[in-house]
Asker: 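Once you've had a glance at the structure underneath, I'll fire off some questions.
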There are 2 protein chains.
Amino acid sequence: MTQDDQGQLNHPALNANSFVPPKGRRTIPLREVVLPHECPEPVRLRVLGRAPYFQGLDISELREISTRMNTRVYAPNEHIYNAGDEANELFVIAEGRVKLSQVSADGTATLTDILVPGDLFGAMGALGQPTHLQSAATLVPCCILRIGQHDFRQILEQHPKVALKVLDDVAGRLRRAQQDIGDQSTNTVKQRVATTLLRLADKLGEQTAEGILLNVPLSRADLAGLARSTPESVSRVMSQFKKQNVVDSGRRWTILLNPEALTDATQAVLPPLSD
Amino acid sequence: MTQDDQGQLNHPALNANSFVPPKGRRTIPLREVVLPHECPEPVRLRVLGRAPYFQGLDISELREISTRMNTRVYAPNEHIYNAGDEANELFVIAEGRVKLSQVSADGTATLTDILVPGDLFGAMGALGQPTHLQSAATLVPCCILRIGQHDFRQILEQHPKVALKVLDDVAGRLRRAQQDIGDQSTNTVKQRVATTLLRLADKLGEQTAEGILLNVPLSRADLAGLARSTPESVSRVMSQFKKQNVVDSGRRWTILLNPEALTDATQAVLPPLSD
DNA sequence: CGGAGCCTTGACATTTGTCAAGCGAGGTGG
DNA sequence: CCACCTCGCTTGACAAATGTCAAGGCTCCG
């Protein structure tokens, strides 16, 4: 991985670099992020402050939490933990993108989620799960904070407001999951793909001259995982979208050209109402 | 609803009757529960103590929580709240069975969950959801405790340990939901039905001479909702199971004759390994 | 410039939802 | 106590959606 210390700008970790915007049509347009070297304390504090969990805490409290965490820089495609590993740490992303994937019985891994700075993962929400159910790996250079489960629980006990925030967050995820369960049996692959793309755009989309770039390398198989389908089916849907100029995409990259059209595609087609 | 303090039987709404236990084969074998009249404090305390959330609290703490709750008795099939209603109360079931159903865009309701005593529902886990996403109704006579969301949050702030328990619980549900999402695209309807039946047996099964009775009136449509399928498909699977003497069922009732076989049916069929 | 790997596309198999008809359990009224 | 009627359950036939298998083609990297 590229280590680069020109870095001392004002916002070290956030400095997104020097890539030339997409020009030619069929070239990979993903923007590279310069690796965030070590995370100095101010950066860590900012990351923590940005994480919804810790909002409302004052600086001294953040600092205290920060001291309980340690930092680690990961190379792209570096593995963080595997499903089945003992789960006793929590992670907070300071910079970068992390993917979670579920390993099914037959050994194939399917992408289940992509995480961005501020997201918390690992021994989920401090629950007593002994082992990880998913595997986590970096997609790009990452800087990640870690904290032991025990320390985290202590923080929650000492800061009930944080506990409530975490609870709200987890509950929110639960709602989304339940919604997904419902949608999954109702919606078509096309709808699910559209929904997936919009969610990704929300999370890691970047406005460019051509449209909203999903700034992370995603293969068809990855999208298939997120949309709960197969690479082939996703490919067909994407081809359709491409024909309608709704998206443009290539090998591991995607740009949304017309998000509204995607939103429409999200909705179910109403039965031909016989006036 | 009619409230009446002769308390014992013969209450129009509650005493759904004096049914005779299952004898002949094709008769409805559900056992009726006599309504638990008003919930006196000791009962409420016991319910609270049984709820995993409040385990570890001492009596005085339970009592304090208890005073913040109020009790209500519901008739069978009584509606508790509708999807879309303002959500600012939590409910804990003291006695009875409650069903949650999701109302889809076209207005049809599908069963999503069945709750038993000790289960908490409503404004889930005190999260900031303004309106209910599901509808709740009783299946049988019920006694239900209620607490305002605000009071509940206060309790959580004052008892961080409770907050952590709630967090663990919600996180557990999240895990299950995520698992379900994964299973749903992988598993067949048959597998899902089998899983559903086993879960129900776990939750509200009753050992009888003939097998494990699911002691709650469930139609094919209800099972279809839980298994994320359609009544017809469920019916076909059930017919298969009946032929193999794995279950017996009729109009709104089900008995599991051979749970092991169901567990087997849960597993995916491995590809015919050559040689 | 060449190769590996990802993407696309076609053909096909399978599962499952949909529509429709008919049966029968179980409650009701005579 | 019996016959009737309603509503849920069953079953068949069919269509649609999507997963599977397989064969290229194109991108991107070295």
Side-chain angles (χ1 to χ4, degrees), chain A residues 19 22-30 32 76-77 104 106 108 110-111 183-193 217-225 227-243 247-255 265 268-269 271-272, chain B residues 16-20 22-30 32 104 106 108 110-111 183-193 217-225 227-243 247-255 265 268-269 271-272:
Chain A
F19 194 84
K23 258 302 143 49
R25 233 326 175 39
R26 315 256 48 163
T27 44
I28 185 169
L30 300 185
E32 305 266 331
N77 277 318
S104 54
D106 59 355
T108 56
T110 51
L111 188 63
D183 292 352
Q184 204 166 330
S185 42
T186 311
N187 295 355
T188 65
V189 170
K190 185 172 179 179
Q191 290 175 298
R192 297 205 299 271
V193 170
L218 284 178
S219 69
R220 289 288 174 268
D222 292 335
L223 286 176
R228 297 289 147 186
S229 179
T230 59
E232 291 93 336
S233 292
V234 171
S235 184
R236 286 180 229 279
V237 171
M238 293 294 281
S239 295
Q240 239 183 297
F241 284 153
K242 278 201 246 182
K243 267 197 205 102
V247 308
D248 193 8
S249 84
R251 198 188 171 97
R252 288 174 173 283
W253 60 267
T254 306
I255 292 183
V269 186
Chain B
N17 80 24
S18 33
F19 200 88
V20 191
K23 257 303 143 53
R25 234 330 179 29
R26 313 255 46 159
T27 45
I28 185 169
L30 301 183
E32 304 273 331
S104 54
D106 59 356
T108 56
T110 51
L111 188 61
D183 292 352
Q184 204 166 332
S185 40
T186 312
N187 295 356
T188 65
V189 170
K190 186 172 180 179
Q191 290 175 299
R192 296 205 300 271
V193 170
L218 284 178
S219 68
R220 288 288 175 268
D222 292 335
L223 286 176
R228 299 286 147 189
S229 179
T230 59
E232 291 94 336
S233 292
V234 171
S235 184
R236 285 181 229 278
V237 172
M238 293 293 281
S239 295
Q240 239 183 297
F241 284 154
K242 278 201 247 182
K243 265 195 207 104
V247 308
D248 193 8
S249 83
R251 199 187 170 99
R252 286 175 175 286
W253 62 266
T254 306
I255 292 183
V269 184

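Lettering of chains follows the sequences in order, A, B, ..., and the numbering in each one begins at 1.
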Asker: Applying the side-chain contact (heavy atoms from CB on, under 4.5 Å) test to Val237(B), which of Leu223(B), Val193(B), Thr188(B) qualifies?
Answerer: Val193(B)
Asker: Go through the structure and list residues passing side-chain contact (heavy atoms from CB on, under 4.5 Å) with Glu232(B), not counting sequence neighbours.
Answerer: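 If we apply the side-chain contact (heavy atoms from CB on, under 4.5 Å) test to Glu232(B), skipping adjacent residues, the hits are Thr230(B), Arg236(B).
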Asker: Excluding sequence neighbours, so at least two apart, what forms side chain to side chain donor-acceptor pair (under 3.5 Å) with Ser104(B)?
Answerer: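 Here the qualifying residues are Asp106(B), Thr108(B).
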Asker: State whether the side chain of Ser239(A) and the backbone N or O of Ser235(A) hold a donor-acceptor pair below 3.5 Å, judged by distance alone.
Answerer: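 A pair under 3.5 Å: yes.
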Asker: For the pair made of CD in Gln184(B) and P in dT16(C), what is the distance, rounded to whole Å?
Answerer: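 It works out to 12 Å between those atoms.
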Asker: Gln240(B) has an atom CD; how far is it from atom C1' of dT16(C), in whole Å?
Answerer: 13 Å
Asker: Counting N and O atoms only, with roles assigned by atom type, does the side chain of Arg228(B) sit under 3.5 Å from a partner on the main chain of Gln184(B), one being a donor and the other an acceptor?
Answerer: no
Asker: For Gln240(B), which residues count as a side-chain contact (heavy atoms from CB on, under 4.5 Å) partner, sequence neighbours excluded?
Answerer: Lys190(B), Gln244(B)
Asker: Of all residues at least two apart in sequence or in a different chain, which pass the side chain to side chain donor-acceptor pair (under 3.5 Å) check with Arg220(A)?
Answerer: Ser249(A)
Asker: OP1 or OP2 of dG19(D) versus the side-chain N and O atoms of Ser229(A): is any pair under 4.0 Å?
Answerer: yes
Asker: How many whole angstroms separate atom NZ of Lys190(A) from atom P of dT18(D)?
Answerer: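 In whole Å, dT18(D) P and Lys190(A) NZ are 11 Å from each other.
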Asker: Considering only nitrogen or oxygen atoms on both sides, find all protein atoms under 3.5 Å from nucleotides 15-17 of chain D and state each distance.
Answerer:
none

Asker: Calculate, to the nearest 0.5 Å, the distance between atoms CZ and OG belonging to Arg192(A) and Ser185(B) respectively.
Answerer: 7.5 Å
Asker: Five pairs per end, C1' atoms only: what is the angle between the end axes of the helix from dC1(C)-dG30(D) to dG30(C)-dC1(D), to 10 degrees?
Answerer: 40°
Asker: With sequence neighbours excluded, tell me which residues meet side chain to side chain donor-acceptor pair (under 3.5 Å) with Ser219(B).
Answerer: Asp222(B)
Asker: Indicate for each nucleotide in nucleotides 5-14 of chain D, in 5' to 3' sequence, whether protein heavy atoms under 4.0 Å reach the base (B), only the sugar-phosphate (S), or nothing (-).
Answerer: --BSSBBBB-
Asker: Sequence neighbours left out, what passes side chain to side chain donor-acceptor pair (under 3.5 Å) with Thr186(A)? Give chain and number order.
Answerer: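 Applying side chain to side chain donor-acceptor pair (under 3.5 Å) to Thr186(A) gives none.
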